[in-house]
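Structure, as structure tokens:
Just so it is clear, the structure is predicted and the values come from calculations on it, not from any experiment. We use all heavy atoms of the structure for the numbers below, so side chains are in, but hydrogens, waters and symmetry mates are not. Chain letters run A, B, ... following the sequence lines, proteins first, then strands; residues in each count from 1.
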There are 2 protein chains.
Amino acid sequence: MNNADLRKAGLKVTLPRLKVLEIFEKNPSQHLSAEDIYKALLGAHSDVGLATVYRVLTQFEAAGLISRHNFIGGQSVYELCAEEHHDHIICVKCNAVEEFTDAMIEKRQEEVAKTMGYEIVDHALNIYGICQTCRK
Amino acid sequence: MNNADLRKAGLKVTLPRLKVLEIFEKNPSQHLSAEDIYKALLGAHSDVGLATVYRVLTQFEAAGLISRHNFIGGQSVYELCAEEHHDHIICVKCNAVEEFTDAMIEKRQEEVAKTMGYEIVDHALNIYGICQTCRK
DNA sequence: CTAGTTGCAAATCATTTGCACTTGC
DNA sequence: GCAAGTGCAAATGATTTGCAACTAG
């Protein structure tokens, strides 16, 4: 099934690409940086260069397999594309990331974009806050 | 008045800081990168180092005078803090940035955060799209 | 076979930092 | 005068790229 996804994207089915997909599938609902993935691969005794990880991530994003987020703080993080769009709430203390969806917010965004004459390509709503555990 | 703002933030009133504020005031409703500001200063024959621009921007952000945004694409951009919060819609073709506010979206965000046990620190809603002129 | 991929090392880009010098208060 | 601020150049961290070796189809 992964093989098919890759081919559909016009990408050869290679070991590094499969390994990266595997990492994402083993860590569902996580937001991984290129570095995270690189380390996970090393830990799994899969020798993939960091440069390759970056290349693969870029290709996967272009293919719509994963999505990239630029939260505050240096590096980008990636996650497997879910069926439906969702937004993020990030704890500024512990960097935990949780997801949520809100139909009303989605609808309003569409309306705003239309009113302003834009054709939506993507959208990102990030709430930065302090989570329950960090507030204790 | 700028002088007062700076002093209130515990910052000495220095030439570079005033110059940077000036740039922001001369370019209202713009979203400037550190590089943009640096170039603008050079153009105005004000010799301020790029490192200083970065330092000043960081301090201004900490002081709440300006806000920083991480849109897609390399560098961060800054703008003078408006009285009220607003969100952004960015054209992925021409990089134009427009602002908007939507009370309903704001309210829903508060509710979502509360439900999930977060105390909001900040939030950013970015819609990426193609603007009217770029679609022609 | 051969175009697409990879790994490595070197390059790039945005941003930060160390340090000797300068300037506001 | 002295702590705070500055400029420059060198350091950093994330990501990209050149290139020769490799591999999937």
Grouping I, L, V, M, F, W and Y whenever their side-chain heavy atoms are under 4.5 Å apart, do [X] and [Y] come out in a common cluster?
| X | Y | result |
| --- | --- | --- |
| A:Tyr54 | A:Leu21 | yes |
| B:Leu42 | B:Val20 | yes |
| B:Val56 | B:Val77 | no |
| B:Leu32 | B:Leu80 | yes |
| B:Val112 | A:Ile130 | no |

### Query
Counting side-chain heavy atoms from CB outward, which of D:dT15, D:dG5, C:dT6 is closest to B:Leu11?
D:dG5

### Task
Could you please name the option among D:dA14, C:dT15, D:dG25 that lies closest to any side-chain atom of A:Lys12?
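Closest nucleotide to the A:Lys12 side chain: D:dG25.
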
### Message
Need one value for A:Ser76: base, sugar-phosphate or nothing, where a base atom within 4.0 Å counts as base even if backbone is also close, heavy atoms only.
### Response
sugar-phosphate

### First encountered from the 5' end of DNA chain C, between B:Thr58 and A:Arg17
A:Arg17

### Task
Would you kindly compare A:Gly10 and A:Tyr38 by the position of their nearest DNA chain C nucleotide and give the one closer to the 5′ end?
A:Gly10

Tabulated below should be each protein N or O lying under 3.5 Å from an N or O of nucleotides 10-12 of chain C; please produce it.
none

### Query
Side chains of A:His86 and A:Glu79: do they bring a donor and an acceptor to under 3.5 Å?
yes

Taking [atom1] from [X] and [atom2] from [N], how many angstroms apart are they, rounded to a whole number?
| X | N | atom1 | atom2 | value |
| --- | --- | --- | --- | --- |
| B:Asn70 | D:dA14 | CG | C1' | 13 Å |
| A:Gln75 | C:dA14 | CD | P | 18 Å |
| B:His69 | C:dA14 | NE2 | P | 19 Å |
| B:Lys19 | D:dG5 | NZ | P | 19 Å |

### Task
Step by step, work out the salt bridge (charged side-chain N to carboxylate O under 4.0 Å, His left out) result for A:Glu111 and A:Lys107.
CA-CA 6 Å; A:Glu111 290 167 12; A:Lys107 192 154 72 74; 3.7 Å; yes

### Query
Under the 3.5 angstrom rule, does the side chain of A:Arg68 hit a backbone N or O of A:Ser76 as a donor-acceptor pair?
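Checking the backbone N and O of A:Ser76 against the side chain of A:Arg68, no donor-acceptor pair under 3.5 Å is found.
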
### Message
Classify the ring geometry of B:Phe71 against B:Tyr128: parallel below 30°, tilted from 30° to 60°, perpendicular beyond 60°.
### Response
perpendicular

### Message
Is it the case that D:dG7 (base atoms only) and B:Arg55 (side chain only) share a donor and an acceptor within less than 3.5 Å, ignoring hydrogens and angles?
### Response
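Answer yes: a donor N or O sits under 3.5 Å from an acceptor.
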
### Message
Tell me which residues in residues 46-53 of chain B lie within less than 4.0 Å of DNA chain D, going by non-hydrogen atoms.
### Response
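Hits under 4.0 Å, by residue number: B:Asp47, B:Val48, B:Gly49, B:Ala51, B:Thr52.
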
### Task
State whether B:Tyr54 places a side-chain N or O below 4.0 Å from either non-bridging phosphate oxygen (OP1 or OP2) of C:dT15.
yes

### Query
Taking only N and O in the side chain of A:Thr14, is any of them less than 4.0 Å away from OP1 or OP2 of C:dT6?
yes

